[in-house]
Amino acid sequence: EMCIRDSSLFLAKSYYRKGNYKKAEYWALQTNKVNDTIEESWLIFAKSKVKQGQKNEAISILTTYIKKSNSLQAKNLLYKIKKGTL
């Protein structure tokens with residue numbers, strides 16, 4: 001499990017950095033399927049949605065994640081998305 005999770009998160013991060021948001025979203029989702037408690041993959045997933053113009057989806061995803069995790073980073077990201085500063 002560790003192996004799959006680590007490599008899919010690595011792919012999500014590198015695709016996001018390269019600006020390939022569709023693939024970043026896909027690999028972040030795969031990471032979440034293996035382990036849905038990894039904060040970083042949720043953040044990449046939401047940011048990738050925003051970059052593809054799916055702001056409302058990103059807000060909804062983060063809101064759900066925050067309810068579950070109470071993540072400060074997710075709250076900060078949500079604030080940025082709502083303000084339009086991402």
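A chain of hydrophobic side-chain contacts below 4.5 Å, direct or via other Ile, Leu, Val, Met, Phe, Trp or Tyr residues, connects Ile81 to Leu43. By the rule that hydrophobic residues join a cluster once side-chain heavy atoms approach within less than 4.5 Å of another member, Ile44 and Tyr26 end up as members of separate clusters. By the rule that hydrophobic residues join a cluster once side-chain heavy atoms approach within less than 4.5 Å of another member, Ile59 and Ile61 end up as members of separate clusters.
Inspection of the Ser8 and Thr31 side chains reveals an N or O donor paired with an N or O acceptor under 3.5 Å.
Judged by a 6.0 Å distance limit and a 45° cone about the ring axis, Lys18 is positioned over the six-membered ring of Tyr15.
Identified under the side chain to side chain donor-acceptor pair (under 3.5 Å) test for residues 72-86, with sequence neighbours left out: Asn70-Lys75.
Residues forming a ring-ring contact (aromatic ring centres under 6.0 Å, His included) with Tyr65 (at least two apart in sequence, or on another chain): Trp42. With sequence neighbours excluded, the residues forming a ring-ring contact (aromatic ring centres under 6.0 Å, His included) with Tyr21 are Tyr16, listed by chain and number.
In this structure, Trp27 CH2 and Ser14 OG are separated by 10.5 Å, a value rounded to the nearest 0.5 Å. Residue Gln52 holds its CD atom at 14.0 Å from NZ of Lys47, rounded to the nearest 0.5 Å. Between atom CD1 of residue Ile38 and atom OG of residue Ser69 there is a gap of 13.0 Å, rounded to the nearest 0.5 Å. Here the straight-line distance linking atom CG of Asp36 with atom OG of Ser41 works out to 8.5 Å at 0.5 Å rounding. Note: Leu72 CG to Leu77 CG = 11.5 Å, rounded to the nearest 0.5 Å. In this structure, Phe45 CZ and Gln30 CD are separated by 10.0 Å, a value rounded to the nearest 0.5 Å.
Salt bridge status for Glu40 with Lys13: present, with a side-chain N to carboxylate O gap under 4.0 Å.
Closest approach of Ala12 and Ala24 over heavy atoms only: O-CB, 3.5 Å. Ala46 approaches Ala58 most closely through the heavy-atom pair O-CB, 3.4 Å.
Environment of NZ in Lys23: sparse, with no more than 12 heavy atoms of neighbouring residues, nucleotides or ligands closer than 6.0 Å.
Gln54 places no side-chain N or O within donor-acceptor distance of the main-chain N or O of Val50, the cut-off being under 3.5 Å.
The shortest side-chain heavy-atom distance between Glu25 and Leu29 does not fall under the 4.5 Å cut-off.
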